[in-house]
Protein chains: 2
Amino acid sequence: MSEIPGLRSAAGEQQGRQIPPASLARLTIYLRALNSLLAEGIERVSSDELAEAAGVNSPMLRKDLSYLGSYGTRGVGYDVQYLNSQISTALGLSQDWRVAIVGAGNLGRALAGYSGFQSRGFEVVALFDADQLIVGTEVGWLRVSPVQDLATVLGRTRANMAVLAVPAGVAQSLCDELVDAGITSILSFAPVVLQIPDHVQLRKVDMATELQILAYHAQRAQDPDLESGPRARAAQ
Amino acid sequence: MSEIPGLRSAAGEQQGRQIPPASLARLTIYLRALNSLLAEGIERVSSDELAEAAGVNSPMLRKDLSYLGSYGTRGVGYDVQYLNSQISTALGLSQDWRVAIVGAGNLGRALAGYSGFQSRGFEVVALFDADQLIVGTEVGWLRVSPVQDLATVLGRTRANMAVLAVPAGVAQSLCDELVDAGITSILSFAPVVLQIPDHVQLRKVDMATELQILAYHAQRAQDPDLESGPRARAAQ
DNA sequence: CAGTGTGAACACATTCACAGCA
DNA sequence: TGCTGTGAATGTGTTCACACTG
């Protein structure tokens, strides 16, 4: 059992093609599901089962996987371990990512202590704050550094990603500092539009936006407005 | 200045149509930008200016606004105050939303104290935790309630939305309790796929997913792979 | 023959050019 | 004249049916 399909060109195959953004987002979910299966000691899954676990339908799952290559066995399914490692390398999770968190308020501390990072190949290597009362305190295994030392500490810790967990007002200037220090991947929780150069990747999470979207749907659900033809059930 | 276009059928117009999900997400950004302009005392904006402030291009902004109705003035632009209120009512932000936060760890506390909620029409009315050491403590204006009292407290506080900020392992059962207690809008930060009935709206934020997506792009940027024709710059 | 992999059909989102109005 | 509003064209994402294979 679990014979591993052709290993030639280990992480290669159709690596050159861009994975469509929508698929990319779902691949991370499949990875999570595969890790759960792995933890349960399950060795094989069918696309139906994995799709169920990931909350999508199986044709979509298969199409998503097809952007990476053909890692399943027809009539059988996927080897959990093998598929897991294939997706991981495709997503670039085989190298170590060193994350700096800027802002050690509740959110920054929550992120610093979030086990989901460590367990999925991200190491938090620095934590910054501007508040003198917070600087120097310990959060988990980390000591909070002063933002003044941003560039220095980023260099020393060889951080290659950053998370912005600071108030909106100071986000742009700190973002600029991160970029100047050579960071090219930033995840921002600040509720502002950040200006960045082309070569920098920025992703944003805005919790108020999420609630507003929920509010919109909730409002429509309660007013029995013009609920037109096709049942408008927003997918998970 | 600022003559207000036809008020007949106040919040009506083409309210019946569903706003496309992609537009909906951006409308919340426009709202944020309009609030900033309002704070600066600016009364009018053109689609170019507002698009710039929101980090999108202006045809897209105009198309998004067109799903709500025609609230601009040709040759002039938009009245900031008026457009702000039109988008707000379209999104259902004119009624009061009462949010319960389940989980008073660092993340839950960060959310409870997040000024972006209060300022945008969301009131945090309850905060729950399972840990006896945390129950009873104060976070901002709130006292942490025991999860055992979930249904009771949700009823008393008339919460109509919930945020799940709990570990993956207990998310599903708490989600079920929320649903049983009549909550139909849930924002989950737990890194698991949640099972929900059709009438419940669920949105998910997964920070590890965000970092993984960044990792993918960063990996591609460093390996000068097959960088094919069209410059693959992931939009903000 | 069960279950993967994928091309072709469909639905949705974005872009663009320009008509229409203050 | 300047800027909004929108239909038509393009591009992207999803669904589906089924060919293919272990």
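Naming convention: chains lettered A, B, ... in sequence-line order (proteins, then strands); numbering from 1 in each chain.
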Q: Mind jotting down which residue pairs meet the salt bridge (Lys or Arg N to Asp or Glu O under 4.0 Å) criterion with at least one end in residues 161-184 of chain B? Sequence neighbours excluded, please.
A: none
Q) Glu123(B): what forms a salt bridge (Lys or Arg N to Asp or Glu O under 4.0 Å) with it, not counting sequence neighbours? A) Arg98(B)
Q: List in chain and number order the residues that pass side-chain hydrogen bond (donor to acceptor under 3.5 Å, both in side chains) with Thr209(A), two or more places apart in sequence or in another chain; answer none if no residue qualifies.
A: Asp206(A), Thr28(B)
**Q.** Integer-rounded Å distance: dA22(C) C1' and Arg44(B) CZ
**A.** 12 Å
Q: With sequence neighbours left out, write down each residue that passes side-chain hydrogen bond (donor to acceptor under 3.5 Å, both in side chains) with Asp48(A), or none if nothing qualifies.
A: Ser58(A)
Q: Rounded to the nearest angstrom, tell me the gap between atom CG in Asp48(B) and atom P in dG5(D).
A: 13 Å
Q.
Taking side-chain hydrogen bond (donor to acceptor under 3.5 Å, both in side chains) as the definition, give me every residue that meets it alongside Asn84(A), ordered by chain and number, with sequence neighbours left out.
A. none
Q. Please give, in whole Å, the distance from dT4(D) P to Leu68(B) CG?
A. 15 Å
Q: Compute the bend angle of the helix from dC1(C)-dG22(D) to dA22(C)-dT1(D) from the end axes (five pairs per end), rounded to 10°.
A: 10°
Q) What salt bridge (Lys or Arg N to Asp or Glu O under 4.0 Å) pairs are there with at least one residue in residues 54-75 of chain B, not counting sequence neighbours? A) Arg26(B)-Asp64(B)
(Q) Can you tell me if Ser47(A) touches the phosphate of dG3(C), counting only side-chain N or O atoms and a distance under 4.0 Å to OP1 or OP2? (A) no
Q. For the side chain of Tyr78(A) and the backbone of Leu50(A), is there at least one donor-acceptor N/O pair under 3.5 Å apart?
A. no
Q.
What is the separation between atom OH on Tyr71(B) and atom P on dC21(C), rounded to the nearest whole Å?
A. 18 Å
Q: Calculate the interatomic distance between Leu50(B) atom CG and dC3(D) atom P; express it in whole Å.
A: 14 Å
Q. Quick one: Leu65(A) CG to dG3(C) P, roughly how many Å, whole number?
A. 16 Å
(Q) Protein within reach of the bases, or only the backbone? For nucleotides 12-21 of chain D, mark each nucleotide 5' to 3' as B, S or -, using heavy atoms under 4.0 Å. (A) -SSBBB-BBB
Q: Name all residues meeting the side-chain contact (heavy atoms from CB on, under 4.5 Å) criterion together with Ala168(B); count only those two or more places apart in sequence or in a different chain, and write none if there are none.
A: Pro191(B), Val192(B)
Q: In whole angstrom, give the distance that lies between atom CD of Gln18(B) and atom P of dA11(C).
A: 16 Å
